[in-house]
Structure formats: structure tokens, C-alpha cells
Amino acid sequence: MRFTVSSTALSSKLTALSRVINSKNSLPILADFVFDIQSGMLRLTASDSENVMNTQLDLTDSDGDGRFAIGNHDLLEAVKGFSEQPITFDVNMESNIAKISYQNGLFSLPIESADEFPAAQTVGDVATEIVIPNALLAENINRTLFATAQDELRPVMNGIYFDLMPEALAIVASDGHKLVRNKVLTVHSDQPAAFILPKKPATLLKNLLGKDGGDVVIRFDERFAQINYGDGELICRLIEGRYPNYNSVIPQNNPNLLTVDRLGLLAALRRVQPFANDSSNLIRFHVEGGTLQLDAEDYDFAKTATERMSCSYSGQPMSIGFKGSSFIEILSNFDCQEVIIQLADPSRAGLVLPSEQPENQDVLMLMMPMLLND
């Protein structure tokens, strides 16, 4: 079997697929790419047994159909340095060798039978479907992924929760200390449904989406999701279990409103944070009138820092403690000019919202406060 393909197209596809492959695999063949040539089209597959990625590209030339598996590392290293040029594969299925020739040379690699590669799980016939614009899904995953947990005791917290409701699609993540809830108002369903997308496939999608237009189609049942984007497909095992009632922890009446420049606050926190105690990372927010004061202290090492900045505030004077690193993460995952921080009292969660919501979305982030020693 012989076929020819563009070097840059092949390198791009293999690089994307390689992210799903683990460094250590339960089955040796899971370290391979599967090449499937059918009717002048090359379909590429990679898997870690729980996540399967497929993509396809047109062949310049092909003289037959067939399937084989080839080790990911050597092939990827060999082709990723090529300039744009045709690469020709001569595959001998009897001797299990693929000879790959290009303008200035050739190399050969062993191949294996693709029949040993585990078959992908499929979503059942009774499945729910979500259609969402590519860029919109990428934006929401980017905004949400940082808030997922790493909790062995509560695995449901280790993924992104997609909650399809009659009024909107809510995309949620929380580690128990911070929470992100995005509502996509253009996606909804009369039949409520939900699933928890694990962190690894979410990270894979973060790197794959947003590069072109079109829609992403997500089909899911209780155990698996099939996500089709552009010329690619990701099939993944979902996290099973019941996600906590995230709406119950979102305060409905935080009357003290602080409006502040996002980048200004972000820069101030980054300057103050190194002076906070390493174990608590506590930063005191004191707001009164038109001034926000940030204080950090680590008395064990005789370190303190204070910074003041102007703001707009309507409410009672208040001192409240937040974890500096988490607040930096929250501000870094907005792209607005100003944020509104809604507070109730020093013991209740604070909400952070963009001053202007993205079109057809409703975004909020929540931070649990930390106890101040005074």
C-alpha cells in the first residue's frame, strides 16, 4: 500500500492527536497512531483507552485501502521538522515495515496490526445532543477549567459540569473554594440533561477549539460523550455521579458593590501576594469610600505589604479576606475592563462579575472568604 500526504498537514494532525496519548500505557499499542486509508482519505486515531481522538485529511495520492498502527514518538519527531512537501508512505503489511520518503531522504519504522487497537466506545441510541458554536465552547472551557478540583474523595468535582436547562446551558466548575458559572443563553432544551466532562478531554478541547468557525456537536448519554468539531472527533468517558447543587451556594443578595479596574487590581494583587503567608496566602481587602486597600503580611518572616487603589464602592466599610492566588486566577480569566465585586459580609461568599456581560452569556465567579485574625 502506498499513499502521499502533505507534510505540514500530517504534522499538525499528529501533534494534536499526540496530546491524548499517555507516557505510560496499559496496552503497548496505545502508544501508537492508527492510520486508516479509505477511498483517498486518511483517518488518524489515538487513544488512552478512556479518550479516543479521530481526525482526517485528504491524501494527495493513494493506491489502495488499509489500516495499520505506528509508534507515535518516532514518527512525530521525524515529520514535525519538515517544511511543506509531499511525504510518501510505502507500507508492507507482510514485513510490518513502513518506508517514508521525502524530498531529501527516507526513513523506515515498524508497524503493527491495527486490529489490536481497542475499539472506541460509542454513545447509545438514547442520547442528548447539544449544538454550540466552536469559539463559544472554547471560550467557556478556557474560562472554567482553572476552577476544577483535584479531589480523590469527590471525583465529580474534578471536571466541568454541563447543565442543559430550558432557559440556558450552564457550564460550571468548582473546587469548593471558588466557583465559575457560565450561562450560554442561546443553547437550551425543554428536556433537562447534564454531564460532567473530565479535565483531560476538556484540556484537549481547549487546545483544539476556537481555531475555526462552525459548530461543535456534543452527543452524550450517562457514560460517554461524542464531540464532533470541524474535521475531528473526541469520544470520552464521563465522570459518573451527582454534581452538587451549585445554585445553592451562589448568594442572591450581596448589597455592597465594588467596581474596580480589572488589570489594575490584578497588578496590585501580584505585587502584594509575595508578602502573604505561604501557607494561607491570605490577602485582606479593606474597602471604604472610593478606596480599596490590599494588605498582606507574613509575621514569621517580618514581611508586610500594603497597596491602595481607587474604586467605586456603594456599601458599608468592610474588611474581608481572600486567598490571593485564587483571586488572581479569577481576574486572569476575565477579559473585561472592569469587574464588579458583590459582597455581603466578611463571612459570606463574594461574587465577581464582568462590568459588561459577553453577548448572550451570563458569567459569574464566586470566591469563599478566609477568616481574618483580627
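In summary, Glu233 and Arg43 engage in a salt bridge, as defined by a charged side-chain N under 4.0 Å from a carboxylate O. Ion pairing between Glu297 and Lys303 fails under the 4.0 Å rule for side-chain N and carboxylate O. Asp335 has no carboxylate O lying under 4.0 Å from a charged side-chain N of Arg262, or vice versa, which leaves the two without a salt bridge. Using a 4.0 Å cut-off between charged nitrogen and carboxylate oxygen, Asp48 and Lys200 count as a salt-bridge pair.
Among Ile218, Ile235, Asp221, the one residue that satisfies the side chain to side chain contact (heavy atoms under 4.5 Å, CB included) test with Val123 is Asp221.
Taken together through direct or relayed side-chain contacts under 4.5 Å among Ile, Leu, Val, Met, Phe, Trp and Tyr, Leu372 and Met318 form parts of separate hydrophobic clusters. There is no path of hydrophobic side-chain contacts, each under 4.5 Å, that joins Met165 to Leu137. Leu364 and Leu136 end up in different hydrophobic clusters when Ile, Leu, Val, Met, Phe, Trp and Tyr side chains are linked at under 4.5 Å. Hydrophobic clustering of Ile, Leu, Val, Met, Phe, Trp and Tyr side chains at less than 4.5 Å, counting indirect connections, unites Ile330 with Leu292. At a threshold of 4.5 Å between side-chain heavy atoms, the hydrophobic network of Ile, Leu, Val, Met, Phe, Trp and Tyr places Ile320 and Leu353 in two separate groups.
For the pair Arg2 and Val91, the minimum side-chain heavy-atom distance is 4.5 Å or more. The shortest side-chain heavy-atom distance between Thr148 and Asn158 does not fall under the 4.5 Å cut-off. Under the 4.5 Å side-chain criterion, counting only non-hydrogen atoms from C-beta, Pro118 is not in contact with Ser49. Side-chain atoms of Ser326 and Met367, non-hydrogen and from C-beta on, do get closer than 4.5 Å to each other. In this structure, Leu164 and Ile130 have side chains that are in contact, with non-hydrogen atoms separated by less than 4.5 Å. Taking the side chain as every heavy atom from C-beta outward, Asn333 and Asn142 never approach each other to under 4.5 Å. Contact annotation: the side chain of Leu282 never approaches that of Lys323 to less than 4.5 Å [non-hydrogen atoms, C-beta and beyond]. Met53 has its side chain out of reach of Arg19: every pair of non-hydrogen atoms, C-beta onward, lies at least 4.5 Å apart.
Side-chain N or O atoms of Asn51 include none that pairs as donor or acceptor with a backbone N or O of Ser47 at under 3.5 Å. Side chain of Ser12 to main chain of Thr8: no donor-acceptor pair is present (N/O by atom type, distance under 3.5 Å, no hydrogens or angles). Side-chain N or O atoms of Ser11 include none that pairs as donor or acceptor with a backbone N or O of Ser7 at under 3.5 Å. At least one donor-acceptor pair closer than 3.5 Å links the side chain of Asn92 to the backbone N or O of Ser95.
Atom CG of Asp61 sits about 5.0 Å away from atom OG1 of Thr4, to the nearest 0.5 Å. Atom CG of residue Leu42 and atom CZ of residue Phe3 lie 6.0 Å apart, to the nearest 0.5 angstrom. Atom-to-atom distance recorded for Asp295:CG and Thr304:OG1 is 8.5 Å, nearest 0.5 angstrom.
Defined by atom type and a distance below 3.5 Å, a donor-acceptor pair is missing between the side-chain atoms of Glu94 and Asn96. Looking only at atom types and distance, the side chain of Ser18 has no donor-acceptor partner in the side chain of Asn72 under 3.5 Å away. Side-chain N/O atoms of Arg143 and Asn182 include a donor and acceptor closer than 3.5 Å.
Taking both residues in full, the closest heavy atoms of Asp65 and Ser39 are given as OD1-N, 3.1 Å, listed atom of the first, atom of the second, then distance. In this structure, Met157 and Gly176 approach most closely via the heavy-atom pair CE-N, 4.1 Å. Shortest non-hydrogen contact noted between Arg219 and Gly124 is NH2-O, 3.5 Å. Closest non-hydrogen pair, Ile250 versus Leu366, comes out as CA-CD1, 4.0 Å. Nearest heavy atoms, Gly350 versus Asn254: CA-ND2, 4.1 Å. The two atoms that bring Gly64 and Ile37 nearest to each other are O-CG2, 3.4 Å, heavy atoms only.
Taking the six-membered ring where the residue is Trp, the centroids of Phe162 and Phe220 are separated by 6.0 Å or more.
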Item to check | Phe327/Ile283 under side chain to side chain contact (heavy atoms under 4.5 Å, CB included): CA gap, chis, key distance, verdict | outcome: CA-CA 9 Å; Phe327 217 102; Ile283 293 181; over 6 Å; no
Item to check | From CA spacing to verdict: side chain to side chain donor-acceptor pair (under 3.5 Å), Gln273, Asn281 | outcome: CA-CA 7 Å; Gln273 186 203 11; Asn281 209 242; 3.2 Å; yes
Item to check | Pair Tyr246-Asp163, side chain to side chain donor-acceptor pair (under 3.5 Å): steps then yes or no | outcome: CA-CA 11 Å; Tyr246 60 90; Asp163 188 10; 2.8 Å; yes
Item to check | CA sep, side-chain torsions, deciding dist, call: Gln361, Glu139, side chain to side chain donor-acceptor pair (under 3.5 Å) | outcome: CA-CA 11 Å; Gln361 296 185 69; Glu139 176 187 341; 3.2 Å; yes
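Using cut-offs of 30° and 60° for the angle between ring planes, the Phe285 and Phe322 rings count as perpendicular. In this pair, Phe68 and Phe89 present their aromatic rings tilted. The plane angle is within the 30 to 60° band. Below 30°, between 30° and 60°, or above 60°: for Phe107 and Tyr102 the angle between ring planes is between 30° and 60°, a tilted geometry.
Heavy-atom neighbours of Phe275 CZ from other residues, nucleotides or ligands within 6.0 Å: at or below the threshold of 12. For Asn245, the CG atom counts as densely surrounded, since its 6.0 Å shell holds more than 12 non-hydrogen atoms of other residues, nucleotides or ligands. Residue Glu84 qualifies as enclosed at atom CD: its count of foreign heavy atoms under 6.0 Å is above 12. Under a cut-off of 6.0 angstrom, the local environment of NZ in Lys178 is crowded, with over 12 non-hydrogen atoms contributed by other residues, nucleotides or ligands. Few gaps surround CD on Gln38; more than 12 heavy atoms of other groups in view lie less than 6.0 Å from it. Shown here is Gln316, whose CD atom has no more than 12 heavy atoms of other residues, nucleotides or ligands within 6.0 Å. Within 6.0 Å of the CD atom in Gln85, the count of heavy atoms belonging to other residues, nucleotides or ligands exceeds 12. Residue Glu77 qualifies as enclosed at atom CD: its count of foreign heavy atoms under 6.0 Å is above 12.
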